[in-house]
Amino acid sequence: MCLGLPMTIVETDGVTALCEYGNEQRRISVMLLADVSAGAKVLVHIDSAVRLLDENEAMLICKALDGLEASLNGQSCDRFFADLVGREPQLPEHLR
C-alpha cells in the first residue's frame, strides 16, 4: 500500500521543491504540476508531487494519518475521525 503525504512547499526551482510534513523535510519532483510556489500544499507519492491540495483537504489527510498512527499505537482514533463517528457510512456521490 502506498500512502500520499500532504506536504507544504518551502521553496522550489520549478523542477524540484523542498517540502515539509511535520518535522520532516525532503526534496521532491514537481514536474507533474504546472505552476507551484512556496506555501502550496501538494499530495506527494514516492517523492513526486501529484496534485495540489486545498487547506481543508490537506488537513483531513493529516488527521487521517494521525488517526492511523494512534490506532497502530493502540490508542483511540475517534478524535481524528469525528466527522465519521456516530453516523452510518455512506458511499461518495460518484460511487452511488
Student: Quick check for you: to the nearest 0.5 Å, what is the distance between N56 atom CG and I61 atom CD1?
Tutor: 10.0 Å
Student: Give me the atom names and distance for the closest heavy-atom approach of H45 to V50.
Tutor: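 Taking every non-hydrogen atom into account, CD2-CG2, 3.6 Å.
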Student: Connecting only ILVMFWY residues whose side-chain heavy atoms lie within less than 4.5 Å of each other, what is the rest of L60's hydrophobic cluster?
Tutor: M59
Student: For D54, I'd like to know if atom CG has over 12 heavy atoms of other residues, nucleotides or ligands within 6.0 Å.
Tutor: yes
Student: Flag the pair L5 / R26 as yes when at least one side-chain heavy-atom distance between them is below 4.5 Å, and no otherwise.
Tutor: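 Side chain of L5 against side chain of R26, heavy atoms only: contact under 4.5 Å found.
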Student: For residues V42 and V30, determine if any side-chain heavy atom of one lies less than 4.5 Å from a side-chain heavy atom of the other.
Tutor: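 No; the side chains remain at least 4.5 Å from each other.
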Student: Using atom types as modelled, flag every donor-acceptor pair under 3.5 Å from a side chain in residues 7-22 to any protein atom, sequence neighbours excluded.
Tutor:
residue	atom	partner	partner atom	Å
T8	OG1	K41	NZ	2.8
E11	OE2	R27	NH2	3.3
T12	OG1	G14	N	3.0
T12	OG1	T16	O	2.8
D13	OD1	V15	N	2.8
D13	OD1	T16	N	2.7
D13	OD1	T16	OG1	3.4
D13	OD2	T16	OG1	3.3
T16	OG1	R27	NH1	3.1
E20	OE1	Q25	NE2	3.3

Student: What are the two closest non-hydrogen atoms of I28 and S48, and how far apart are they?
Tutor: CB-N, 4.5 Å
Student: Does one hydrophobic cluster hold both M31 and V36, with members joined at side-chain heavy-atom distances below 4.5 Å?
Tutor: no
Student: How close do L65 and P6 get, heavy atom to heavy atom, and via which atoms?
Tutor: CD1-CD, 3.9 Å
Student: Heavy-atom count around L91 CG within 6.0 Å, excluding the residue itself: above 12?
Tutor: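 Atom CG in L91 is crowded, with more than 12 foreign heavy atoms closer than 6.0 Å.
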Student: Sort and list the pairs that fulfil side chain to side chain donor-acceptor pair (under 3.5 Å) and have at least one residue in residues 67-77, not counting sequence neighbours.
Tutor: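 Sorted pair list comes back empty.
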